[in-house]
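Model, not experiment: these values are computed from the prediction.
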Amino acid sequence: MSRPESAARSERRRPDGEGLRTGLARTTGVLATLVAVAATVIAVVLALHIAFVVFSANQANPIVHRVNDWAHGLAWEFRDMFTPKDRRVAVLVDYGIAAVVYLIAGRVVAGLIRRIR
């Protein structure tokens with residue numbers, strides 16, 4: 001190996017542990033982004049369900065049916081939290097609270113993951 005190649009190669013090497021820290025930072029960044037995106041997607045599904053109920057979407061439509069099924073599972077303990085007489089108001093409040101909780105929890109967890117370095 002010639003002298004210039006050896007010098008260039010040693011410049012590319014990182015000090016002890018720096019490469020691991022950089023890899024960990026990338027990994028935690030990707031993981032945090034995935035958590036934030038997942039929380040946002042869940043909130044969108046819940047928001048679609050709210051829109052489908054409030055605007056009386058055709059329940060026989062496969063898209064509406066599938067989104068409503070997903071939202072029902074994702075809203076877990078928030079379903080039937082409040083029981084107003086109008087079903088549309090109940091869905092708006094209950095599923096809306098669930099969507100906000102998912103967004104906040106997703107951002108908090110993503111922020112905590114990003115702090116791992």
Please set out all donor-acceptor pairs under 3.5 angstrom arising from side-chain atoms of residues 44-62, sequence neighbours excluded.
unit_1, atom_1, unit_2, atom_2, d
His49, ND1, Asn68, OD1, 2.6
Asn58, OD1, Ala60, N, 2.9
Gln59, OE1, Asn68, ND2, 2.9
Gln59, NE2, Ala57, O, 3.3
Asn61, OD1, Ile63, N, 2.7
Asn61, OD1, Val64, N, 3.3

Minimum heavy-atom distance between Ala39 and Leu103, given as atom pair plus value: O-CD2, 4.1 Å

Side chain to side chain contact (heavy atoms under 4.5 Å, CB included) assessment of Thr40 paired with Arg107: CA-CA 9 Å; Thr40 303; Arg107 300 292 183 225; 3.5 Å; yes

Connected via hydrophobic side-chain network under 4.5 Å: Val101 and Val35: no

Minimal non-hydrogen separation, Ala98 against Ala75, with atom names: CB-CA, 4.3 Å

Pairs flagged by side chain to side chain donor-acceptor pair (under 3.5 Å) wherever residues 87-104 is involved - sequence neighbours left out: Trp76-Tyr102

CA sep, side-chain torsions, deciding dist, call: Thr33, Arg114, side chain to side chain contact (heavy atoms under 4.5 Å, CB included): CA-CA 9 Å; Thr33 300; Arg114 281 192 179 96; 3.3 Å; yes

Salt bridge (Lys or Arg N to Asp or Glu O under 4.0 Å) contacts in which one or both residues fall within residues 60-79, not counting sequence neighbours: none

Residues that, via side-chain heavy atoms closer than 4.5 angstrom, fall in one hydrophobic cluster with Val37: Val41

For Val30, the rest of its hydrophobic cluster, which grows through side-chain links under 4.5 angstrom: Leu34

Under 4.5 Å side-chain linkage, directly or through intermediates, the cluster mates of Val100: Ile104, Val108, Leu112

Rounded distance (nearest 0.5 Å) linking atom OG1 of Thr28 with atom CD1 of Ile116: 6.5 Å

